[in-house]
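Keep in mind that what you see is a predicted model, and the values were worked out from it rather than measured. Counting starts at 1 for both ligands and their atoms, in listed order. Note: hydrogens, waters and symmetry copies are ignored here, and every other heavy atom, side chains too, is used.
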Amino acid sequence: MTSAHPLPENNSMPICRTHTLIIGAGPSGLAAAHRLAEAGIKPFIIEKSLYFGGLMRSIRRGPFIVDLGRKELYSRIPEVDAFWNKLLDDDYRVYSHRVGSLYHGRILEMSSAFRGIRRGMPFGALLSGGVDLGRAWLINGVRAPRNYQEYWYQRAGRRFARALAQGYWEKFRGQRWAELPVPQVHAEGQAARSHSFGAIAHGMKLAAQGGASDQRVWRHPARGSGQVCGRLIADISRAGIKVHFGSEVFAMACAEGRIADIFVRTPTGCVCFQARNVISSLQVEDLVALLGGGKAGQAPPARRRAVLLVYLFMDAPPRFPHAWLEVNDTALQCGRITNYAAFNGDMVPPGRTALCIEFFLDGDDPRLDRSSDAWTRLAIDECARSSLIDPAAIRDSMVIRLDRCNAAASWREAQENARLRMLGEIRPYRNLYHVYRPGTDWATFAGLMAGEAVLSGERQGFDQRADPTRSYAAANAAA
Ligand SMILES: Cc1cc2nc3c(=O)[nH]c(=O)nc-3n(C[C@H](O)[C@H](O)[C@H](O)COP(=O)(O)OP(=O)(O)OC[C@H]3O[C@@H](n4cnc5c(N)ncnc54)[C@H](O)[C@@H]3O)c2cc1C
């Protein structure tokens with residue numbers, strides 16, 4: 001056997017041969033397992049943590065259930081929407097998807113569906129914003145924007161852009177508008193000039209989400225987004241398939257265009273897996289590092305982000321009806337505040353709520369060294385200052401730190417040169433299905449397509465329809 005990389009030194013470890021090895025019990029790995037189980041195939045699933053669900057996990061805390069972060073489930077992929085609908089039935093509930101912008105101590109509506117055109121803006125602010133907008137449109141006619149900030153200020157007016165989008169966007173993505181180029185579509189002169197306020201607000205919302213969606217009906221699992229993974233686990237367990245928790249891949253070796261050996265540290269010792277098919281929900285950087293003999297340093301450095309989540313469990317009802325607030329106020333460090341009472345589910349007992357306060361940080365931000373207590377104090381202080389909570393009503397709190405996690409990731413990141421290079425490096429391995437995708441729906445779709453490809457022995461559909469460098473819509477335009 002030829003191997004591109006040296007094998008781990010302990011090559012006397014037991015060998016386990018299997019039809020399909022699934023790495024990771026998140027939404028993509030579990031969707032693949034579910035598809036295979038339906039066809040009577042029993043994959044071997046390994047998961048390094050002690051939990052299923054990956055980043056689509058819900059956590060029970062006393063009478064509360066919270067998601068890992070906000071977890072807005074998109075229905076932009078009809079196959080996935082139908083799949084979740086079938087899994088959850090009545091528990092896949094419609095909610096009002098009311099989103100607010102927290103700005104200077106006030107909650108503004110992101111949609112005019114709730115408080116009309118004023119969106120909760122005081123009359124004076126609306127008036128000065130309108131004057132500002134008129135001036136911006138005049139400038140728009142005579143001067144080309146030089147950066148992303150000028151682009152939006154010219155389209156939406158500086159005041160409206162700041163009140164509804166800029167602060168949140170910059171925290172979420174860790175980039176300043178003034179340092180970013182004008183959007184490609186405008187630079188190429190293709191932009192349709194819409195001067196309707198609604199179109200602008202909608203455009204800014206899509207920009208903040210990375211162009212994720214403009215869907216109209218929003219649903220959430222009654223017991224948190226982790227309920228999807230819970231149902232998947234229940235179904236595959238009934239088919240006799242087990243998830244092997246606490247089992248981590250630490251190296252891979254390849255031979256003749258295939259992944260030949262996968263080295264796994266399990267609770268009872270190391271095992272070498274040899275699988276006909278490997279479905280991996282590792283991020284591409286990690287996959288490339290493992291293929292390099294487990295030397296993490298071999299992957300080209302990608303910009304690391306982290307998310308710090310503070311949960312506050314309250315003995316009082318929420319003071320706002322929104323599912324979440326995007327924090328555009330630059331005087332506040334937090335980026336987003338989710339209110340689980342607003343998801344029309346059973347996540348919080350009646351008359352109470354649980355909030356998740358998210359801080360989006362660079363991976364090397366020194367603030368990450370703060371203690372959990374310090375983060376909790378900061379979250380309470382920022383919520384109380386904005387009149388969102390009464391600190392006396394807090395009965396419990398919890399802090400979760402997600403290292404190397406970019407909540408703002410979208411398929412666009414896969415188009416960066418470093419990532420394209422990494423995706424190119426794994427492409428030659430014909431028995432490897434890389435199914436990690438940003439977005440739980442896109443990840444689920446990739447998992448389902450990988451399962452399909454394994455069953456048919458034909459991977460072209462997976463390669464084309466679940467192309468990680470494109471959006472679902474672009475990759476499936478011809479399907
Ligand atoms: C803070 C945050 C907020 C987000 N919010 C949303 C949202 O609102 N809506 C949305 O649609 N998407 C959201 N996303 C994105 C979404 O969570 C991911 O796209 C999705 O979870 C990817 O699914 P996956 O199964 O491919 O990978 P993951 O969910 O990452 O699961 C991978 C699994 O593999 C396991 N694993 C990792 N390494 C190894 C190893 N070496 N050996 C064995 N097992 C391993 C992990 O423990 C994990 O369980 C968010 C992401 C973040 C970070």
So if I count the atoms of ligand 1 from 1 in the order they appear, which ones are less than 4.0 Å from some heavy atom of [X]?
{"X": "A443", "result": "22 (C), 23 (O), 26 (O)"}
{"X": "G54", "result": "29 (O), 31 (O), 48 (C), 49 (O)"}
{"X": "R70", "result": "7 (C), 8 (O)"}
{"X": "C405", "result": "53 (C)"}
{"X": "P438", "result": "19 (O)"}
{"X": "A407", "result": "1 (C), 2 (C), 3 (C), 52 (C)"}
{"X": "T440", "result": "10 (C), 11 (O), 12 (N), 16 (C), 19 (O)"}
{"X": "G24", "result": "33 (C), 34 (O), 35 (C)"}

Nearest protein heavy atom with distance in Å, relative to [atom]:
{"atom": "atom 24 (P) of ligand 1", "answer": "S28 OG, 3.3 Å"}
{"atom": "atom 22 (C) of ligand 1", "answer": "R437 O, 3.5 Å"}
{"atom": "atom 15 (C) of ligand 1", "answer": "G439 N, 3.7 Å"}
{"atom": "atom 42 (N) of ligand 1", "answer": "V249 N, 3.1 Å"}
{"atom": "atom 49 (O) of ligand 1", "answer": "E47 OE1, 2.6 Å"}
{"atom": "atom 37 (C) of ligand 1", "answer": "L282 CD2, 3.6 Å"}
{"atom": "atom 27 (O) of ligand 1", "answer": "Y436 CD1, 3.3 Å"}
{"atom": "atom 29 (O) of ligand 1", "answer": "L55 N, 2.8 Å"}

If I apply the N/O under 3.5 Å rule, does [X] come out as touching ligand 1?
{"X": "Y74", "value": "no"}
{"X": "S49", "value": "no"}
{"X": "K71", "value": "yes"}

Practice task
Could you check D67, D90, D91 and say which one makes a salt bridge (Lys or Arg N to Asp or Glu O under 4.0 Å) with R223?
Solution key: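 Option passing the salt bridge (Lys or Arg N to Asp or Glu O under 4.0 Å) with R223: D91.
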Handout entry: Residue that, paired with R367, satisfies salt bridge (Lys or Arg N to Asp or Glu O under 4.0 Å) out of D365, D369, D364
Key =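 So, applying the salt bridge (Lys or Arg N to Asp or Glu O under 4.0 Å) to R367 and each of D365, D369, D364, only D365 qualifies.
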Problem - Polar contact flag, side-chain donor to acceptor under 3.5 angstrom, Q166-E170 - result: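 There is such a pair (donor and acceptor under 3.5 Å, judged by atom type) between the side chains of Q166 and E170.
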Problem - Short side-chain donor-acceptor distance under 3.5 Å, E109 and S111 - result: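 Distance-only check fails for S111 and E109.
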Exercise for the section: Classify the contact between L309 and ligand 1 as side chain, backbone, both or neither, using a heavy-atom distance cut-off of under 4.0 Å. Expected result: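 Under 4.0 Å from ligand 1, L309 contributes no heavy atoms.
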Problem - Qualifying residues under side-chain hydrogen bond (donor to acceptor under 3.5 Å, both in side chains), relative to R336, sequence neighbours excluded - result: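 Here the qualifying residues are Y168, E358.
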Practice task
Indicate yes or no: at least one non-hydrogen side-chain atom of E47 is less than 4.5 angstrom from one of F52.
Solution key: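 No, side chains not in contact.
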Handout entry: Sub-4.5 Å side-chain heavy-atom contact between P27 and V228
Key =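 With C-beta onward as the side chain, the pair stays apart.
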Please check if the distance between the ring centroids of [X] and [Y] is under 6.0 Å.
{"X": "F445", "Y": "Y472", "value": "yes"}
{"X": "Y95", "Y": "W218", "value": "no"}
{"X": "F83", "Y": "H34", "value": "yes"}

Practice task
Determine whether more than 12 heavy atoms belonging to other residues, nucleotides or ligands lie under 6.0 Å from atom CZ of R176.
Solution key: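 Not buried by this count: 12 neighbours or fewer within 6.0 Å.
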Practice task
Measure across I400 and Y311 and return the closest heavy-atom pair with its distance rounded to 0.1 Å.
Solution key: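 So the minimum-distance heavy-atom pair works out to CD1-CE1, 4.0 Å.
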Problem - Under the salt bridge (charged side-chain N to carboxylate O under 4.0 Å, His left out) test, residues paired with R258 that sit two or more places apart - result: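 Here no residue qualifies.
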Problem - Proximal candidate to atom 23 (O) of ligand 1 [heavy atom criterion; set G26, S281, P27] - result: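 The residue whose heavy atom sits nearest atom 23 (O) of ligand 1 is P27.
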Problem - ligand 1 contact by S247, heavy-atom criterion under 4.0 angstrom - result: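 Judged by the 4.0 Å heavy-atom criterion, S247 does count as contacting ligand 1.
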